[in-house]
Each structure stands twice: as C-alpha cells, then as structure tokens.
Amino acid sequence: MAVNDFIRDNKDRFLNELLDLLRIPSVSADPKFKKDVFAAANFVKESLEKAGADTVEICETPGYPIVYGEKIIDPTLQTVLVYGHYDVQPADPYELWDSPPFEPVIKKTKIHPEGAIFARGSADDKGQFYMYVKAFEAMMASGDLPCNVKFMIEGEEEVGSDNLEKFVIENKEKLKADVILISDTHMISMQDPSITVGLRGMAYMEVEVRGSNRDLHSGTYGGAVANPINVLCDMIASMKDENDHITIPGFYDKVQELTAAQRERLNEAPFDLNEYQDKLDIEAVHGEKDYTTIERVGIRPTLDVNGIWGGYIGEGAKTVLPSKAHAKISMRLVPDQDWHEISELFENYFKSIAPKSVKVKVRAHHGGAPAVVSDSSVGYKAAEAAMEETFGKRPIPTREGGSIPIVALFQKELGSDPILFGFGLDTDALHSPNEHYGVKNYFMGIETIAAFFRQFRKLTDK
Ligand code: BES
Ligand code: ZN
C-alpha cells in the first residue's frame, strides 16, 4: 500500500521531527515557559502546512492559542476532526529523570524492545497527536486521502482547557465533522489493543488551613495551640472512611452504578494483578472496598491529595508550629457527577469539619465532566476495523481513569461521541519522570490512523 510505503520510507524523518517538537518545553502550567508554549503552537502550524493543509491558523485565546488546520478535498465527502494538545505537564522533579526531560533520547526497555522515546510529552500528547500530522502527510503524499480532515490542537489541556469551550461554541460550523478522533489515552498492551470508551471527570481544589497569626515556638505553644498541618492531616484523613469511601455528604448521590452484567463485562478485560503490582513495585493495591482495580480506576470516583506543604522542610530540624498549611486535592469523577456541584460539596464539607481552632480557605482550580462514549457508532466500528487490520486483533472497549474534559464538551456542543483512539501504554509514565512513548507505538499509530481513514470512508460511503 502506497501510504504504508511512504511511512516506511520516511521513518527516520517522521521520528526526528517528533524529537524536535519534544525539545520545546511547552509547559502550560508554569508561566516561565510561556514563550515555549507559543513556540510549540508555531511548530504545529508549520508542520500542518508542510504536511499539506490548505489553511492553518493560530487562533488566539486569552490563554494559549488553538492551532486549527484543514484539508478539504471535496466538501461532499466525510470529514474527520482531530483533537490533540501540544502543551505538557511540568517535568518536575527534574532530578528523578534519567535524561533531561526536554532532550529526547531513544532507549530500549523490557516493554519496548524496539526502543522508546524518553521526553516529557512523548506520550502525552505530542507523540500521539503528531501521528495524525504524519498520517495526513503520508496520505497526501501518496494521493490517498480518503476523507476531509480538520485539526484542532490546543495548548491548555493540562491546565483544564479553560478557553477551549468558548472556541468550540463559537466555531461549531468550522469544526463540523462526521467523526472526532482523539489519541490521548492508553491501550491495554501491544498484544491486547483496546479503545477507550470512558474517562473520568475532575474537580481540583486548593485549601489553606491557618492556625495562629504567626509561626510559633513549638515548645512555648506546642500542645496548646492548633498545628494547622496536624489539623489538615486529620481533616484529609476524615474525608474517607475505613472502606475508602469518600465521606463528603452527597458525594455519591449522582454516581451511576453499573449493573452486575456491565461490571462483569468490564472485568473481562485482560488484567494481571501480580504483574500490575510488580510493575509498580508495590506489595498490594489499595482502594475502595468491594471493587476491583479495573473498577476502582474506571467507574469509581476518587479523592486524592496531589501536594501538601507547610512548616519547615529545609536542612536539619527546626522546632516550629507553622501558621499555615496547604494542600492541593483533586477528585476524579464519574457519570453523572457534576464538577461544579462536587466542588461546592467539597468546600462546604471541608469548612464544616474544620475545628474552631483554625480558619480555612477553599478554592476550586478547575474541573471537567466525565464522559462515556458509544462503542457502536460508525466511527467506533471504523476504529475497531483499523486496529484489527494493524494489530491483527479486535480491540476491546475499556474505561480509563484519566480525564479529557473536552470529550464531554464535544458531546454536548458538537453532538458527537469522539473516538478515544489511544496508542500509549499505562507504563509510559505520563505526568511522571521518565515519560516515554514506544517507537513502535508511534509508527503503528500512524498506520492505524491511515487505516481508520480508509475504513471510515468505506463504512460511510453510500
Ligand atoms: N492524556 C491525559 C488523560 C489521560 C491519561 C486519559 C491517562 C487516560 C489515561 C491528559 O492529558 C491529562 O492528563 N489530563 C488531565 C486533565 C486535567 C488537567 C483536567 C488529567 O487527567 O489529569
Ligand atoms: Zn494528554
């Protein structure tokens, strides 16, 4: 096939271009990288132009821009909309990386004997959305682009996609498509391809607990005045009971319980608990009573402290009762929990459990809705057929624990269930030091995307 020949003949270049993109430290959370985030947007624009897009625009927002590009070969043909993000998570802590996060290197690993690209953003999401740019280029170059294509690549996904909602609502006509593809998730393994059909939502909070109006000598005052760090720890601990059930009143009110048959089906996915524990070097898993690991991640909500600070953390020892303690706490949500509602429930509860000896402040950072997408749409069927073509095995539908707030927004505003066509693995160390993406995953992804375009055209041609 001409497309696959083109991919094979241009392998080195396809890989090197991705490495160039990975060298740009486009960390959206940290203003220090502002110039780099804009540089990454430009890189995306130029690569879409080189690949053969007719129009490519950098759409400004109050935050980071959205890169929009399209190639309309025939307005009467089907149109595929591709969403991805060029921003990445902070690389901290840098000292835990084996090689610098923005100097990509390819190394072989047990899971990736052909090599994996180590760099922040390699799997999440630069390596994954760039597969579409290259598949598009390959289809164009071989004169075999079966459908129109539109690209919308944003730069604020890792900070909650705040400006995307407005863009989507204001540009419905521009974004009109027959199917939406997003590669920003995982597969079970190279041997067990899968397509994600569920993602959790998110409510992200920050809290401050204040004790006395200044730091105090822990001998003079210790035992008599509240230590806000101790209090914060108690408060956090009380937000879950002995079964790891979240104690915020009303928290589970809207949680959709699955039927026994649905749960059984979910648990049929290949999963080896020992292997899971071994890979993470843990002796036991931990989570809500009466749910399996697959369920705990896929269909149950969580409450987790992402960071906690206060007091003295420098060299040596200092005896002090700090004045303030802080924590960043996120909750992963499942259908039909609403993140605005959950943020409010959290705030009220957190304030209600604070002892009189402290004052608390609570604020919501950002949030996003959970989403479940169809596993019987024509787009899903095309994705299934494409994966079967390249992986030689029919993919199974899975529900994942991560969040992509735009998915629910697409459903609501564009009336379309996106295809969550991820090619990463859960061992890729997303958001972690030594993030990596398999070289094989990258090329298999490019081929599978080209196969999707063929299959989608075939299944939707009258
Ligand atoms: N690619 C991830 C989402 C993801 C990760 C889906 C793993 C499935 C499995 C995405 O870039 C991400 O990290 N999103 C954030 C969203 C948040 C900032 C609203 C997340 O899940 O923490
Ligand atoms: Zn991502």
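In each ligand, atom 1 is the first atom listed, and ligand 1 is the first ligand listed.
- Residue D184 touches ligand 1 through backbone and side chain together, judged by heavy-atom distances below 4.0 Å.
- The closest approach between G368 and ligand 1 stays at or above 4.0 Å for every heavy atom of the residue.
- Sorting the N, O or S atoms of H85 by how far they are from the Zn ion (ligand 2) puts NE2 first.
- Close approach to P405 involves these atoms of ligand 1, each under 4.0 Å from a residue heavy atom: 19 (C).
- At a cut-off of 3.5 Å, with distance as the only test, no side-chain donor of S99 or K107 sits close to an acceptor on the other residue.
- Closest protein heavy atom to atom 14 (N) of ligand 1: S403 O, 2.9 Å.
- Under the 30°/60° scheme for interplanar angles, the aromatic rings of Y442 and Y437 are found to stand perpendicular.
- Side-chain contact, N267 with T292: a donor N or O sits under 3.5 Å from an acceptor N or O.
- Taking a cut-off of under 4.0 Å to the non-hydrogen atoms of H85, the atoms of ligand 1 that pass are 11 (O).
- Below 3.5 Å of separation, one finds an N or O of E157 facing an N or O of ligand 1.
- Distances between N or O atoms of H366 and those of ligand 1 include no value under 3.5 Å.
- Scanning all protein heavy atoms for the shortest distance to atom 5 (C) of ligand 1 gives L430 CD2, 3.8 Å.
- At the shortest separation from atom 8 (C) of ligand 1 among protein heavy atoms lies E400 OE1, 3.5 Å.
- Residue S161 does not touch ligand 1, judged by heavy-atom distances below 4.0 Å.
- Side chains of E17 and R13 form a contact here, defined as non-hydrogen atoms less than 4.5 Å apart.
- Note on E157: not counted as a metal contact of the Zn ion (ligand 2), no N/O/S atom lying under 2.8 Å.
- Nearest heavy-atom pair across I396 and P270 is CD1-CD, 3.6 Å.
- Contact annotation for L199 and ligand 1: only side-chain heavy atoms (C-beta onward) come within less than 4.0 Å of the ligand.
- Ring geometry for H366 versus Y204: interplanar angle of 30 to 60°, hence tilted.
- Taking the ring axis of Y68 as reference, the NZ or CZ atom of K174 stays within 45° of it and closer than 6.0 Å to the ring centre.
- In terms of protein heavy-atom proximity, atom 7 (C) of ligand 1 is nearest to H186 CE1, 3.6 Å.
- Contacts of E158 with ligand 1, taken as heavy-atom pairs under 4.0 Å, involve both backbone and side chain.
- Contact check for D192 versus K393: side-chain heavy atoms found under the 4.5 Å cut-off.
- The heavy-atom pair separating V133 from S47 by the smallest distance is CG1-O, 3.8 Å.
- Side-chain atoms of K381 and Q455, non-hydrogen and from C-beta on, never get closer than 4.5 Å to each other.
- Inclusion of D124 in the first shell of the Zn ion (ligand 2) is supported: an N, O or S atom falls under 2.8 Å.
- Using 4.0 Å as the threshold, T185 has a heavy atom nearer than that to some atom of ligand 1.
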I'd like to know whether R296 forms a salt bridge (Lys or Arg N to Asp or Glu O under 4.0 Å) with E288, so could you lay out the CA-CA distance, the side-chain angles of the two residues, the decisive distance to 0.1 Å, and finally the verdict. CA-CA 7 Å; R296 286 170 178 172; E288 195 180 353; over 6 Å; no
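- The distance criterion of under 3.5 Å between nitrogen or oxygen atoms is met by R332 with respect to ligand 1.
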